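Structure first, then comments.
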Amino acid sequence: MSRRVFLLVSLFILITSFIKIKWFNKLLANIIKKNQTQILTHKAFFNHLFSKEHPESPDRLISILNILRKKKLDLLLREINIEINERKWIETIHSIEHIESLKKNFPIGEESSAFAVKGCLQGVDEIMNQNTKNVFCAVRPPGHHALNTGKDEGFCFYNHIAIAARYIQRKYFLKKILIVDWDYHHGNSTEFFFYKDPSILFFSTHDVNAYPRTGFENRKGKGEGKGFNINVHLPCGTQDKKILGVFKNILLKKANKFKPEFILISAGFDSRKDDPLGCFNISDQGFKRLTEIVMTIAQKFCNGRVLSILEGGYNIEGNALAACAHIDILNNFNKNI
Ligand SMILES: [Zn+2]
């Protein structure tokens, strides 16, 4: 082969492989683009009923599923099917007396909440095994008021988000977890379990005048945990601008110092406008912006690792619309990074 032919052939191979690599990368980017969120749920959540007229009803989830279908986001749905001894993980937060009392006195509620725990643990595994970027757990009942009282507190039996935080730390050895709670009510149980713990940064916006009447701004943590509990009271009528200002001016600054390795969201949508149990006025667009702020932190510090868990939200349609707005950003935020 002459030198000239050799050079031409080499050049040809070089150009075609470059095109192939570009084509392959484009294909890969398109695959990733399609889906970065999993929504975990299960029909087991339809069983638990406090009473016929109770606001924390299966209709909350049914409505989310219907609107996901309408918005063609239902392709993100996955069934909770993990085989795990969830009791072992529940016991990292809750006492044996509490668990046994729930099993005896509230068997269906306990079963539903234990199933929600399973969903959260599956979500953590999916993210840590890089099967998905982030996860939304469409579960019920909520969990952020659950204490060790042997009964439900504010519709909650087990604190799913607290259990997920311990699971991340003990199974995957990640140390620093940020928990963001934008439910209208204060996440008193999450505060309680991590009040002295500097490995969990708990940030909650809520109305201190509402149930459970906790969450005052002077409650900042204790001992080593001092400075890692952030409560922000917001008044009735709070709109997007106000809560977004709090997220930008307080959460972003604290998170930049803390540098979380995993982010959990207590995604309560009773802070949305028109909620029968709340008096805030946050729009679906507002929840999109809040999600973007959390995603910005997640991309900066923890490779986008976010597990979001449904908490409150009692306007059946409003809760579903806000949840879908939130999921839309989880699934589409800066896909190509
Ligand atoms: Zn709530």
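Here the structure is a predicted model, which is why all the values come from computation and not from measurement. The figures here come from the full heavy-atom set of this structure, side chains too, leaving out hydrogens, waters and symmetry mates. Counting convention: from 1, in listed order, for ligands and their atoms alike.
Closest approach between the Zn ion (ligand 1) and any N/O/S atom of H185 involves ND1. For D270, the N, O or S atom with the smallest separation from the Zn ion (ligand 1) is OD2. Here the N, O or S atom of D183 that is nearest to the Zn ion (ligand 1) is OD1.
Residues passing the side chain to side chain donor-acceptor pair (under 3.5 Å) test with H144 are D181, sequence neighbours excluded. Remark: K300 engages no residue in a salt bridge (charged side-chain N to carboxylate O under 4.0 Å, His left out) (not counting sequence neighbours).
Contact between C120 and C137 at its shortest, heavy atoms only, is CA-SG, 3.9 Å.
Ring-plane geometry between H42 and F115 is classed as tilted, the angle between the planes lying from 30 to 60 degrees on a 0 to 90 degree scale.
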